[in-house]
Colleague: 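Have a look at this one before I ask anything.
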Amino acid sequence: MSKLGKIKLPHRKHTAEMKDSRIPTPSVVVLPMSQYIGAPAIPIVKVGQTVCVGTKVAEADGKVSAAIHSPVSGTVKKVGDFLLANGKSCQAITIESDGEMTMDPGITPPTVTNAEELCQAIRESGLVGLGGAGFPTANKLENAISKNIDTIIVNGAECEPYITVDNRTMIDGAENVVKGVKIIEEYIPGPQQIIVAIENNKPIAIKKMTEAFAGDPKVKVVALPSEYPQGAEKTLVYTLLGRVIPDGKLPSDVGCVMFNVTSVAFFAHYLETGIPYVWRTLTVDGSAVKSPKNVTAPIGTSLRDILTFCDADFDNLGKVLYGGPMMGIAAYDLDAPIYKNTNALLALSKAESLPKKQYPCIHCGKCVAHCPMGLNPTAFVKAMKIESKDERAEALQSANVLSCIDCGSCSYVCPSRRPLVENNKLAKNDLRATLASKKN
Ligand code: SF4
Ligand code: SF4
């Protein structure tokens, strides 16, 4: 694994030195019930109901799920079907803001005196991993408590180009990162070390974190080479600890748990205020954005409102991505909202969005050599051409397609511009559908 899968990318962190700007309260927010990994939340409000900032509007459905709260005060206008950017559908709650941003009177800091209460509080806050994947944080906390963990990794690598949210958290919110780590130390006493991992293209953040943790012998701040995908869970665990997470397993299966650094900062804010996870900061950048910014906005704000705030050139807008250029998903509608785990919007000009000519595979092997998971994306292409559903599933399984993390490195390095990552996603969906049909 050590020789596999890192690439050098242009950083394009234009907003690295910009503090976040808070967007004016939007007139409407749309809250899809599926905004993270896990089961969609269940709406608990009705049309016409008034809500405040922080009012719970949807309950988590089962263990791997997250509650959703209103980020504005106002009136519920609609509870209906919604098409997500990934092509799946779910229910969504539309709330018309009254512009007042009245806080729910029931909001108080949670009482936390032990690990179980911390998990329960974070579950109530609706927090999901803020680095992009969006796994409910309470589940990670439970793993950190119940499994034999020796290391907690605070992930500030932020390896994808353009995105600078975690960088700003470590600079502007250093105090909350320290408080968040103290909360982990107090309530999860098992781990012997806590590692704050940061790519070395963030010198100010490294300095801030090193100074902030100088008096804490349990915490180590580690500067890592800026190589993509350094911040991916499996890559980071291997780079820092030399441990390989087996396929289908979690970091907790090899003795560690990883939290995104902005999630850790949120622990401190939430335990002090009781305000659930309703606003988020995201980087807005790209060739169609005249004023790139780090924007703090209510979850559910439309892409249009956010891009307007950043002075986007709508006449020259070709494509908007949720996320960065490597892992981002194209938005189909500017009136669609940002989600809990939207850490960036990348708005590209028409010229930059034009499809590029593709050529046949020349069997150069670059996609294999640069895959951080040690996979062969051309094997997935070959497998997807098999007619028989069962044989296709067998070929995809033996090529280990479900280990693909959609990092996009294979597409990036391919000299023939083969649409490899797109094929990987189709292949994973195809295999999952076949496996699900066998279970039923
Ligand atoms: S997208 Fe998947 S197959 Fe391609 S390099 Fe990343 S992990 Fe490997
Ligand atoms: S990198 Fe592109 S051209 Fe090279 S083997 Fe992979 S798919 Fe073929």
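Just so we're clear, the structure is a prediction, and the values are computed from it rather than from any experiment. Both ligands and their constituent atoms are indexed starting at 1 by order of listing.
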Colleague: Can we say Lys428 and Asp406 salt-bridge, meaning some charged N sits less than 4.0 Å from an Asp/Glu carboxylate O?
Modeller: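 Answer for the salt bridge query: yes.
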Colleague: Considering the heavy atoms of Ile405, write down every atom of ligand 1 situated less than 4.0 Å from one of them.
Modeller: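 Per the distance check, 2 (Fe), 7 (S).
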Colleague: Taking the basic N atoms (NZ, or NE/NH1/NH2) and the acidic carboxylate oxygens, is any pair closer than 4.0 Å for Lys179 and Glu175?
Modeller: yes
Colleague: Once you measure the plane-to-plane angle for Tyr270 and Phe266, does it fall in the parallel (<30°), tilted (30-60°) or perpendicular (>60°) bin?
Modeller: parallel
Colleague: Look at atom 3 (S) of ligand 1 and say which protein heavy atom is nearest, naming residue and atom and giving the distance to 0.1 Å.
Modeller: Asn424 ND2, 3.3 Å
Colleague: Counting non-hydrogen protein atoms only, what is the nearest one to atom 6 (Fe) of ligand 2? Give residue, atom name and distance.
Modeller: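 In this structure, atom 6 (Fe) of ligand 2 has Cys367 SG, 2.4 Å as its nearest protein heavy atom.
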Colleague: Which ligand 1 atoms are under 4.0 Å away from a heavy-atom of Pro377?
Modeller: 3 (S)
Colleague: With a cut-off of 4.0 Å, which atoms of ligand 2 are near a heavy atom of Cys361?
Modeller: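 Listed by number with element, the hits are 3 (S), 5 (S), 7 (S), 8 (Fe).
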Colleague: Rounded to the nearest 0.5 Å, how far does OG of Ser34 lie from OH of Tyr339?
Modeller: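 Tyr339 atom OH to Ser34 atom OG measures 8.5 Å (nearest 0.5 Å).
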Colleague: Provide, to 0.1 Å, the distance between atom 4 (Fe) of ligand 1 and the closest protein heavy atom, together with that atom's residue and name.
Modeller: Cys410 SG, 2.3 Å
Colleague: For the residue pair Lys357 and Tyr359, would you count it as a cation-pi contact if the rule is NZ or CZ under 6.0 angstrom from the ring centre and within 45 degrees of the ring axis?
Modeller: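 Satisfied, under 6.0 Å and within 45°.
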Colleague: Relative to ligand 1, is Cys407 under 4.0 angstrom through side chain, backbone, both or neither, heavy atoms considered?
Modeller: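 The answer is both.
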Colleague: With heavy-atom distances below 4.0 Å as the criterion, list the atoms of ligand 1 near Pro372.
Modeller: 5 (S)
Colleague: Please state which protein non-hydrogen atom is closest to atom 8 (Fe) of ligand 1 and give its distance, to 0.1 Å?
Modeller: Cys371 SG, 2.3 Å
Colleague: Any heavy atom of Leu420 closer to ligand 1 than 4.0 angstrom?
Modeller: no
Colleague: To the nearest 0.5 Å, what is the distance between CG on Leu250 and CG on Asn139?
Modeller: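 Going from the CG atom of Leu250 to the CG atom of Asn139 covers 10.0 Å.
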Colleague: Atoms of ligand 2 less than 4.0 Å from Ser416 heavy atoms?
Modeller: 3 (S)
Colleague: Numbering the atoms of ligand 2 from 1, which are under 4.0 Å from a heavy atom of Cys414?
Modeller: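 Every atom of ligand 2 under 4.0 Å from some heavy atom of Cys414: 1 (S), 2 (Fe), 3 (S), 7 (S).
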Colleague: Salt bridge or not for Arg12 and Asp285, using N-O below 4.0 Å?
Modeller: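 Answer for the salt bridge query: no.
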Colleague: Is Glu199 paired with Lys6 through a side-chain N to carboxylate O contact shorter than 4.0 Å?
Modeller: no
Colleague: Please evaluate residues Phe267 and Phe259 with respect to the criterion ring-ring contact (aromatic ring centres under 6.0 Å, His included), reporting the C-alpha separation (whole Å), side-chain torsions for both, the decisive distance (0.1 Å), and the verdict.
Modeller: CA-CA 11 Å; Phe267 292 174; Phe259 296 103; 5.8 Å; yes
Colleague: Please determine if atom 4 (Fe) of ligand 2 has an N/O/S atom from Cys364 lying under 2.8 Å away.
Modeller: yes
Colleague: Can you list the atoms of ligand 2 that are under 4.0 Å from a heavy atom of Ile362?
Modeller: 3 (S), 8 (Fe)
Colleague: Among all protein heavy atoms, pick out the one at the shortest distance from atom 2 (Fe) of ligand 1; state its residue, atom name and that distance to 0.1 Å.
Modeller: Cys404 SG, 2.4 Å
Colleague: Going by the atom numbers of ligand 1, which of them fall below 4.0 Å from some non-hydrogen atom of Gly408?
Modeller: 1 (S), 6 (Fe)
Colleague: For the aromatic rings, using the six-membered ring if either is Trp, is the centroid distance between His14 and Tyr162 under 6.0 Å?
Modeller: yes
